[in-house]
Amino acid sequence: MIEMRKHIRQSLSIRLSLDILFLVILVFTLSLGFLYWQSRNIIRQEAIDEASHVLDNTALRVKGHMLELETATRNILWLINVDHRQEALLKYSHRIVANHPHVNGCSITMEPDYFPNEAYGFSAYSVRMENGEAGESAKDSVATVREGEYDYYNKVWYKTPRRMNSDCWVDPFDDFNAGTLSSPEMIASYCVPLHDERGRFIGVISTDLSLKKLTETITAEHPYKNSYFMMLGADGHYFVHPDTTKLLKQTIFSNTDPRDCTDIVALGYAMTNGRTGHMEVKMDGRSNIVLYRPLEGTQWSVALVCPSNELLRGYNSLNFILPPLLVIGLMLLVLGCRRIVNHFIQPLGMLAAELRQIGDGDYEKILPRSERTDLIGQLQNSFCQMRQSISQHIREAERTKQETEHRTRELEEATRLAREGSEQKTQFMQDMSHQIRTPLNIVHGFSQIMRDDCSTIPDDEKQQIAGMMFVQTIALDYMVSKLLTASLIESHQTIRTDDTIDCKELAKEAIDSANSLINTDLHTCLDCRVPEGFTVKSNSHHLLIALTELLFNALHFTRKGNVTMRVETGEDAVRFTVEDTGPGIPAEKAEFVFEKFTKLNMFTEGLGLGLFLCQRVVQLMGGNLTLDTQYSGGSRFVLEIPLEPQPAGGLPSEDDVWSAPSSPSPD
């Protein structure tokens, strides 16, 4: 055992060394490298997404101002189409500037020949005056003039929509003309061509947006310390830039060597072609990340220029986090090695503890299986399998023991029932033999007398002997009929119930039949609570027999008092109640008396079939026969027949079942 443990320790040391080396090289390197790479990508993408969100918000603000000018211009078109008079055009021009604070000026210029009386053409021009006196309202600070000698037909804001024959934004331009009422600021114009009813071009309406205000809108947000916005036109001219010397004078391609500044050239082409994205560009001697996107409805593009070291501050900070992570990782490796050793040795301790438990007789606790494939793992799994097999065999033995005990109890119960059945059968045969032997002995004795002394017996005695023989013969026939009926009636499902029965008359007939079957001084009372002539659909023959049997039993077991037959109706049935003042039947034997061959006193006459046959016949007719256990003055049987007739079928002939005797019977 000592040599085996020494060998296991040596093999274990080799395995531990290999595992630690593998963990150091693979897990630590791959995990830390993957986390570093993944974190840098995530941080970089989040920084770019944040800057893109700022750029999108800026573009939305710019587009909002531009959309205000476009909406104001389109809303006045229908008025111009309705009224082309010079006074109306001056009013419309003034209204656009006065009602929209972001509009710098508005010009409605008609074709030279539209007003023949005007030698130089006509143009209604309104401009917002910034140097109004204190207290003047925005409406009062708008000046409107009628321009005459001014070459506005060669201006870009007039020629461009006339050539394109559609509305458009014109690149910012300097339209200041000394001595005239013109804006000293550079402006961008939204121009819409005017047409008459025949679709002929008749002029241009131009709404101006101050480049200064546009620049203020774009630069309103300052996301990073050294970041800035710029906007380019279709040909790359700067419209917005921190260096105002470049505005409208230089393009992004100016003073740029394509061989040395490929990144700037690529940025310029991307922006002038209306693309959206970002790229890393070296501008002004430092690395920047430029995010750009076009302005919808124009050929302009706006960009956010962010220094890389500011935008990617979190991205670059990972380089300072990596060394501490490396140190922490090495410390964790040391702790991990210790845990690995404990992990390898722990199964040995568990196996030893399990062996002690098995030695103490505890087989229920299950050792967890190991995923290891070395010797210890195989030993642990083999031990687990052995422990499970032992536990399973013990459980199976216990289950077999329980099943054996259960089957033993069943066999004992079956043996008891068989013994009781055998005793009951023997008792029944003895009782049956006695019940049949008594009338047979009487018939046999009288027949011998009639044979040997027939000539000496008077005629009246002969008549009496013949009557007694007839009575005993009827009794034998009644007993045999009950036995045959008991064997036949259980195979039937219903009895035909198509007879119309007068309830009161049937009760009287049953009383008369029962009184004729037994010699007694008791009086049978009839309490009829149904109207005269009340009828019910049932089987008159079998119902009469059942009532007669109930009355006969009541008269047979009652020594003093009386027997009462009560007829009444319920909600859905006719109820025949037979009650007596006899000894009664205990409540615990209420169901017992309706079983076959059952008598409360085995020494009384009868086969124990009367109540069984009564209940069975009534059930086949759709009714019910019960013993009222609440009645304490004797016995009370309640027979119920439904008012609705039951379907015909079952017993087809009255001769197939038990019939009433014509003279007293033993039961």
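What's counted below: heavy atoms across the whole structure, side chains too, no hydrogens, waters or symmetry copies. Note that this is a predicted model, so its numbers are computed, not measured.
Taking the side chain as every heavy atom from C-beta outward, Leu550 and Leu611 approach each other to under 4.5 Å. Put simply, the side chain of Lys560 does not reach to within 4.5 Å of the side chain of Thr581, judged on heavy atoms. Counting heavy atoms from C-beta on, the side chains of Leu526 and Ile511 come closer than 4.5 Å. With contacts defined as side-chain heavy-atom distances shorter than 4.5 Å, the pair Thr524/Asn562 does not qualify. Counting heavy atoms from C-beta on, the side chains of Val574 and Glu640 never come closer than 4.5 Å. The closest side-chain heavy-atom distance from Asp499 to Ser538 is not below 4.5 Å. Between Glu50 and Glu46, the closest side-chain pair of non-hydrogen atoms is not below 4.5 Å. Using a 4.5 Å heavy-atom threshold, the side chains of Val578 and Leu639 count as separate.
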Self-check item: Residue pair Glu509, Leu544: steps toward the side chain to side chain contact (heavy atoms under 4.5 Å, CB included) verdict
Solution: CA-CA 8 Å; Glu509 187 177 354; Leu544 175 62; 3.2 Å; yes

Quiz item: Step by step, would you call Ile641 with Leu543 a side chain to side chain contact (heavy atoms under 4.5 Å, CB included)?
Solution: CA-CA 9 Å; Ile641 298 297; Leu543 185 57; 3.9 Å; yes

Exercise. Check the pair His406, Glu410 against side-chain hydrogen bond (donor to acceptor under 3.5 Å, both in side chains), reporting the backbone distance first and the verdict last.
Key: CA-CA 6 Å; His406 177 69; Glu410 289 181 347; 2.6 Å; yes

Quiz prompt | Worked verdict on Phe637 versus Thr626 for side chain to side chain contact (heavy atoms under 4.5 Å, CB included) | solution = CA-CA 6 Å; Phe637 288 89; Thr626 58; over 6 Å; no

Exercise. With salt bridge (Lys or Arg N to Asp or Glu O under 4.0 Å) as the test, would you mind laying out the steps for Arg74 and Glu70 before giving the verdict?
Key: CA-CA 6 Å; Arg74 293 193 187 100; Glu70 295 176 7; 3.7 Å; yes

Quiz item: Do Asp49 and His53 pass the side-chain hydrogen bond (donor to acceptor under 3.5 Å, both in side chains) test, and can you show the C-alpha distance, the side-chain angles, and the key distance before you say yes or no?
Solution: CA-CA 6 Å; Asp49 290 344; His53 182 68; over 6 Å; no

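Minimum heavy-atom separation, Arg575 to Gly570: NH2-CA, 4.3 Å. When all heavy atoms of Thr548 and Ser513 are compared, the closest pair comes out as CG2-OG, 3.3 Å. Of all heavy-atom pairs between Leu547 and Met565, the closest is CD2-CE, 4.1 Å. Closest of all the heavy-atom pairs between Val536 and Pro642 is CG2-O, 3.6 Å.
Side-chain N/O atoms of His542 and Asn539 include a donor and acceptor closer than 3.5 Å.
Thr408 places a side-chain N or O within donor-acceptor distance of the main-chain N or O of Thr404, the cut-off being under 3.5 Å. Proximity of a side-chain donor or acceptor of Asp580 to a complementary backbone N or O of Ser635 within less than 3.5 Å is detected.
Note: Asp56 CG to Lys63 NZ = 14.5 Å, rounded to the nearest 0.5 Å. With rounding to the nearest 0.5 angstrom, the CG atom of Leu555 is 6.0 Å from the CG atom of Asn515. The line from OG1 of Thr58 to CZ of Arg293 is 10.0 Å long, rounded to the nearest 0.5 Å. One distance of note links CZ of Phe576 with CG of Leu625; it measures 12.5 Å at 0.5 Å rounding. Taken to the nearest 0.5 Å, the CG atom of Leu411 stands 13.5 Å off from the CZ atom of Arg416.
With salt bridges taken as basic N to acidic carboxylate O contacts below 4.0 Å, one links Arg566 and Glu579. Contact check on Glu412 versus Arg409 returns no salt bridge, with no Lys/Arg side-chain nitrogen under 4.0 Å from an Asp/Glu carboxylate oxygen.
For Glu396, the CD atom is densely surrounded, since the number of other residues' heavy atoms within 6.0 Å is greater than 12. Around atom CD of Glu568, more than 12 heavy atoms belonging to other residues, nucleotides or ligands sit under 6.0 Å away.
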Sequence neighbours excluded and cut-off under 3.5 Å, please list the side-chain donor-acceptor pairs for residues 500-508, or say none.
from, atom 1, to, atom 2, distance (Å)
Thr500, OG1, Lys537, NZ, 2.9
Asp502, OD1, Lys504, N, 3.2
Asp502, OD1, Glu505, N, 3.4
Lys504, NZ, Glu532, OE1, 3.1

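For the side chain to side chain donor-acceptor pair (under 3.5 Å) with Arg636, the lone residue among Asp628, Thr564, Thr629 that qualifies is Asp628.
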